[in-house]
Amino acid sequence: MTGTLYVLATPIGHLHDLSRRALEILGRVDLIAAEDTRHCRGLLNHYSITTPTVSLHDHNERDRTPTLIERLKQGEEIALVSDAGTPLISDPGFVLVQAAHRAGVTVSPVPGPCAAIAALSAAGLPTDRFAFEGFPPRTSSARQSFFRRLLREPRTLVFYESSHRIMACLRDLATVFPGDRRLVIAKELTKIHERLIPTRVGEAQEALDDPQLQKGEFVLVLEGAGAEAHDRLTEEQRRILQLLLQECSLKSAVSLAEKITGARKKLLYEEALHRKAK
Ligand code: SAM
């Protein structure tokens, strides 16, 4: 009999969001593999839990996994936790969980807080289908290309963003997506300064204009593309097409614009003809 690896969710702000089952498991396992042991100790001390911890983060996960798997195979029980929320969701743990499955070790989730799901559940945007896109790239050009690939995605989109990049991210969203797309900015969920700000892509930078509002942790929940998104070009797509028309033939401009912007060829072709006729 192998032991069990528990993938255990911890609070994303409010300490009371730790489930009873999670508490009981944290108290009884042989070891807690934590993204940051000092951070984890804060939570454990709050609940007077004295279980030993070992660090498991992006930089040591590969090295540490074989030892942890060996202990699990010997029958020990280990809980995997990250700094906040559900491990593996934009957090470490993938290498260990994958290795546990390969080694035939029992892996068991202990579900609980996850910022993406918390934001989605309260955003008031369609939840029947959604796509979690994690953190957008850090540079503006990479971020815009990333958003462009999602322009026609019909599902509600969920992004994570830090306070350092939130304004730049909102600016790039407004560059790529139509201004009237609904957007909910979920900030500091379950914490004292929790805010859910329903806005639109074109008004989002203004909605977060106050520097106080730009602090903390953010989830962005963006409405998916409706049917109308397939029938019109955005300002950015028109601008790129116009630039290309100045440099190359109509056919090449349309073909390049399709590759760059992801817009439909038929729409680009109609727009190009319209501009040439002017
Ligand atoms: N594993 C975590 C989870 O289940 O949500 C996510 C970890 S990821 C490294 C951290 C990001 O999650 C933050 O930058 C922010 O985008 C989001 N996040 C975490 N806690 C949050 C909170 N209380 N309010 C809003 N966003 C939060």
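Hydrogens, waters and symmetry mates are skipped; everything else that's a heavy atom, side chains included, is used. Atoms within a ligand are numbered from 1 in the order they appear, just like the ligands themselves. Just so it is clear, the model here is predicted, and its values are computed rather than measured. The residues of the chain are indexed from 1 along the displayed sequence.
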Quiz prompt | same_hphob_cluster(Leu125, Leu222) at 4.5 Å side-chain heavy-atom cutoff | solution = no
Quiz item: Taking both backbone and side-chain atoms of Cys114, is any N or O found less than 3.5 Å from an N or O belonging to ligand 1?
Solution: no
Self-check item: Members sharing Ile260's hydrophobic cluster (side chains within less than 4.5 Å)
Solution: Ile240, Leu244, Leu256
Quiz item: Thinking salt bridges, do Arg239 and Glu236 make one under a 4.0 Å N-O criterion?
Solution: yes
Self-check item: Arg165 and Phe135: CA distance, side-chain angles, deciding distance, side-chain contact (heavy atoms from CB on, under 4.5 Å) verdict
Solution: CA-CA 10 Å; Arg165 279 179 290 278; Phe135 285 95; 5.7 Å; no
Practice problem: Would you check the N or O atoms of Lys187, main chain and side chain alike, for any that come under 3.5 Å of an N or O of ligand 1? | Solution: no
Quiz item: For ligand 1, which atoms, with element, lie under 4.0 Å from some heavy atom of Ala115?
Solution: 3 (C), 4 (O), 5 (O), 17 (C), 18 (N), 19 (C), 20 (N), 21 (C), 26 (N), 27 (C)
Practice problem: Could you check which of Phe132, Phe159, Tyr160, Phe135 puts a non-hydrogen atom nearest to atom 14 (O) of ligand 1? | Solution: Phe135
Side chains of residues 72-95: which donor-acceptor partners sit under 3.5 Å, not counting sequence neighbours?
from  : atom 1 : to     : atom 2 : distance (Å)
Gln74 : NE2    : Glu70  : OE2    : 3.2
Glu76 : OE1    : Arg71  : NE     : 2.9
Glu76 : OE1    : Arg71  : NH2    : 2.9
Glu77 : OE1    : Arg28  : NH1    : 2.6
Ser82 : OG     : Ala84  : O      : 3.4
Ser82 : OG     : Asp91  : OD2    : 2.9
Asp83 : OD1    : Asp36  : N      : 3.4
Thr86 : OG1    : Pro113 : O      : 2.8

Exercise. May I ask you to identify the nearest protein heavy atom to atom 22 (C) of ligand 1, giving residue, atom name and distance to one decimal place in Å?
Key: Leu189 N, 3.5 Å
Quiz prompt | N or O pair under 3.5 Å between Ala186 and ligand 1 | solution = no
Quiz item: Looking at Thr86, which atoms of ligand 1 are within less than 4.0 Å of one of its heavy atoms?
Solution: 1 (N), 3 (C), 4 (O)
Practice problem: Identify, for atom 8 (S) of ligand 1, the protein heavy atom at the shortest distance, and state residue, atom and that distance. | Solution: Ser90 O, 3.6 Å
Quiz item: Do Asp180 and Arg232 sit within salt-bridge range, that is, some charged N less than 4.0 Å from a carboxylate O?
Solution: yes
Practice problem: For Arg181 and Glu223, indicate whether the former's side chain and the latter's backbone hold a donor-acceptor pair under 3.5 Å. | Solution: yes
Quiz item: Which one holds for Asp91 and ligand 1: side chain close, backbone close, both close, or neither close, with close meaning a heavy atom under 4.0 Å?
Solution: side chain
Practice problem: State the atoms of ligand 1, each with its element, that fall below the 4.0 Å cut-off from a heavy-atom position in Ile89. | Solution: 1 (N), 2 (C), 6 (C), 7 (C)
Quiz item: Where on Ala84 is there a heavy atom closer than 4.0 Å to ligand 1, on the side chain, on the backbone, on both, or on neither?
Solution: backbone
Quiz prompt | Residues, nucleotides or ligands: over 12 heavy atoms within 6.0 Å of His46 NE2 | solution = yes
Practice problem: Note the single closest protein heavy atom to atom 25 (C) of ligand 1, along with its residue, its atom name and the distance in Å. | Solution: Glu217 O, 3.2 Å
Practice problem: Just let me know how Glu194 lines up against ligand 1, side chain, backbone, both or neither, with a heavy-atom cut-off below 4.0 Å. | Solution: neither
Quiz item: Which atoms of ligand 1 have any heavy atom of Gly85 under 4.0 Å away?
Solution: 3 (C), 4 (O)
Quiz item: Can you check whether Val221 reaches Thr156 side chain to side chain, under 4.5 Å on heavy atoms?
Solution: yes
Quiz prompt | Nearest non-hydrogen protein atom, atom 15 (C) of ligand 1 | solution = Phe218 O, 3.4 Å
Practice problem: Determine, using ring centers only, whether Phe159 and Phe218 are less than 6.0 Å apart. | Solution: no
Quiz item: Among Thr37, Thr53, Thr50, which residue meets the side-chain contact (heavy atoms from CB on, under 4.5 Å) test with Leu44?
Solution: Thr53
Quiz item: Taking both backbone and side-chain atoms of Ser162, is any N or O found less than 3.5 Å from an N or O belonging to ligand 1?
Solution: no
Quiz prompt | Sub-4.0 Å heavy-atom contact, Thr190 with ligand 1 | solution = no
Practice problem: For atom 26 (N) of ligand 1, find the nearest protein heavy atom and state the residue, atom name and distance (0.1 Å precision). | Solution: Val219 CG2, 3.4 Å
Quiz item: Is any side-chain N of the basic residue among Arg20 and Glu24 closer than 4.0 Å to the acidic one's carboxylate O?
Solution: no
Quiz prompt | Numbered atoms of ligand 1 (with element) below 4.0 Å of Lys191, judged on heavy atoms | solution = 23 (N)
Quiz item: Can you list the ligand 1 atoms lying under 4.0 Å from a non-hydrogen atom of Glu188?
Solution: 23 (N), 24 (N), 25 (C)
